[in-house]
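Notes to accompany the following structure.
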Amino acid sequence: MSSSEGAPESWISSFCSLMGHEYFAEVSEDFIEDDFNLTGLQSQVPMYKEALEMILDVEPEDDEDEEEEEEEEEDEDEILGDEKPIGYRRAGDRRHMRVASDLSMIESSAELLYGLIHQRYITSRTGIQQMLEKYEVHHFGVCPRVNCHGCKVLPVGRTDTPGQETVKLFCPSCYDIYTPPNSRFQSVDGAFFGTTFGCLFFMTFPEFDIGGNRAESVLSPASLSAGNTSNNRFRSSCFNNTSVALTSASPTIEQPLTHQPAQINGLLTSNFAPGLGYNKIYEPRIYGFRVSERAKSGPRMQWLRMKPRDINELDESAIYQANHGVDEEGGSDDGDTEMGLAAASQQSAIGMRRKAPMRKRRHLPPGHTDQLSTKNGEGG
């Protein structure tokens, strides 16, 4: 029956094939049938059992109840005969009316339950592999930012709580999120993808080149240098008097840095936000001259797109090791010094405390005794 062409489509396949659900992955039934993967979802989803049965295409276990109700209906028909009271309804009719009223609620609960299961599934080994296949074929689209050069994006959520925000698209090139361009995705809950999937995906597959179709690959450095030299010759020949002004107005081309590592802590440095940094920030210009930041319409918040040109500045562990030093056992060389300083500061703090004033002993003339000490001596 399942292998025939006329086999009915499963609930999961039909749900993922709906318009606006193209981002969803088809969760395997083995993952759903594992109770460990559904821990804590029963308290979040109303009509949890019915919703789970609908997702798995399991028929509800009501056969015995139906048989008992059918027997009761036959007995009632034999007793009442044609003389049935006004408004009389058979138990089967009442049951079908109840099921029809609850069907829409069960359907919405099934969608909520599947979305929460999907949030966990795409962070598993099989789920993230399934999303990888979609990512490689541009299934989720590309970043709308020009300087990202068509970098592929991933669906993510800004919260793990359902019912708060819709799904967003995360760009690993500029490390920002965007609203999907098509309005049919505006009804998809972002919690069904969660906040973990985006970064976990690129940590799982660090070998990907996420830079997109960069402009450097389309226009080679040789062609760019040839174009610059031809423009400079044209400017020098035609505008000898204004060559200085034109040179100052043209953007400066910085030389590439040397000794740039290919990897830092096992990650490719080419994947460190390739859409940010030098020459990836829009600069407003008027007749070739940059608009000052002090102008009323000048650029603002450009530091959000900045990135150091020297990638070695991002290797914080190496910088810390160079500044503080690390011994052979992995500890700091100045650990004992820091402990000594801490002990010295503690001792100085103790010494700075105000000591309680000591009571001065009274000096009595010879032959006189203290009455208080005498009394204490007598009582002792």
Side-chain angles (χ1 to χ4, degrees), residues 135 138 140-156 158 165-183 185-186 190 198-199 201-202 208-232 234-235 239 242-257 260 264 267-314:
Y135 176 80
H138 292 75
F140 309 114
V142 297
C143 180
R145 187 169 176 267
V146 175
N147 287 325
C148 288
H149 304 295
C151 178
K152 292 176 286 189
V153 294
L154 280 178
V156 296
R158 295 183 61 184
E165 287 194 6
T166 58
V167 65
K168 307 298 179 185
L169 296 177
F170 170 69
C171 174
S173 178
C174 60
Y175 271 68
D176 212 339
I177 57 175
Y178 301 89
T179 302
N182 201 314
S183 60
F185 299 108
Q186 299 302 315
C199 293
F201 181 87
F202 295 105
F208 280 169
D209 184 11
I210 61 177
N213 298 322
R214 297 189 181 94
E216 289 81 4
S217 61
V218 178
L219 299 177
S220 61
S223 62
L224 290 176
S225 60
N228 292 330
T229 53
S230 62
N231 291 334
N232 292 333
F234 176 77
R235 289 174 180 175
F239 306 100
T242 59
S243 59
V244 178
L246 289 174
T247 304
S248 61
S250 61
T252 58
I253 300 176
E254 300 186 14
Q255 298 297 327
L257 299 175
Q260 297 298 299
I264 293 180
L267 297 177
L268 297 176
T269 55
S270 60
N271 290 340
F272 289 177
L276 304 182
Y278 171 72
N279 205 21
K280 300 295 178 64
I281 305 175
Y282 173 70
E283 293 183 349
R285 294 174 178 269
I286 297 179
Y287 298 116
F289 293 92
R290 292 192 297 267
V291 179
S292 174
E293 296 180 356
R294 299 182 180 181
K296 293 182 178 180
S297 60
R300 299 291 186 270
M301 307 296 286
Q302 287 189 332
W303 57 271
L304 289 173
R305 302 293 185 186
M306 290 182 180
K307 188 181 72 172
R309 292 194 66 233
D310 188 1
I311 206 67
N312 293 301
E313 297 181 15
L314 299 178

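Keep in mind that what you see is a predicted model, and the values were worked out from it rather than measured.
Here the NE2 atom belonging to His138 is positioned 5.0 Å from the NZ atom belonging to Lys152, to the nearest 0.5 angstrom. Interatomic distance, SG of Cys171 versus CZ of Phe140, reported as 14.5 Å (0.5 Å rounding). In this structure, CZ on Arg158 lies 4.5 Å from CD on Glu165, to the nearest 0.5 angstrom. Between the CD1 atom in Ile286 and the OG atom in Ser297 there is a gap of 6.0 Å [rounded to 0.5 Å].
For Asn182, the side-chain hydrogen bond (donor to acceptor under 3.5 Å, both in side chains) criterion is met by no residue, not counting sequence neighbours. Scored by the side chain to side chain contact (heavy atoms under 4.5 Å, CB included) test, Tyr282 finds Pro284 as partners (sequence neighbours excluded). Partners of Gln302 according to the side-chain hydrogen bond (donor to acceptor under 3.5 Å, both in side chains) rule, which considers only residues two or more places apart in sequence or in another chain, do not exist here. By the side chain to side chain contact (heavy atoms under 4.5 Å, CB included) test, Arg145 pairs with Cys143, Asn147, Cys148, Cys174, Tyr178, Leu276, Arg305, sequence neighbours left out. Listed by chain and number, the residues in a side chain to side chain contact (heavy atoms under 4.5 Å, CB included) with Gln260 are Leu257, Asp310, Ile311, Asn312 (sequence neighbours excluded). Judged as a salt bridge (Lys or Arg N to Asp or Glu O under 4.0 Å), and not counting sequence neighbours, Glu313 has no contacts.
Looking at heavy atoms from C-beta onward, Leu154 lies in side-chain contact with Phe202 at the 4.5 angstrom threshold. At least one side-chain heavy atom of Pro308 sits less than 4.5 Å from a side-chain heavy atom of Leu314. Using a 4.5 Å cut-off on side-chain heavy atoms (C-beta onward), Pro181 and Pro144 make no contact. Contact check for Val142 versus Cys151: no side-chain heavy atoms found under the 4.5 Å cut-off.
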Check against side-chain contact (heavy atoms from CB on, under 4.5 Å), Ile177 and Phe170: CA-CA 4 Å; Ile177 57 175; Phe170 170 69; 4.1 Å; yes
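For Gly298 against Val291, the heavy-atom pair with the smallest separation is CA-CG1, 3.8 Å. Among all heavy-atom pairs drawn from Val167 and Pro155, the shortest one is CG2-CB, 3.9 Å. Taking each heavy atom of Gln186 and Thr166 in turn, the nearest pair found is O-CG2, 2.8 Å.
Ring geometry for Tyr135 versus Phe208: interplanar angle under 30°, hence parallel rather than tilted (30 to 60°).
In terms of modelled atom types and a separation under 3.5 Å, the side chain of Lys280 and the main chain of Lys307 share no donor-acceptor contact.
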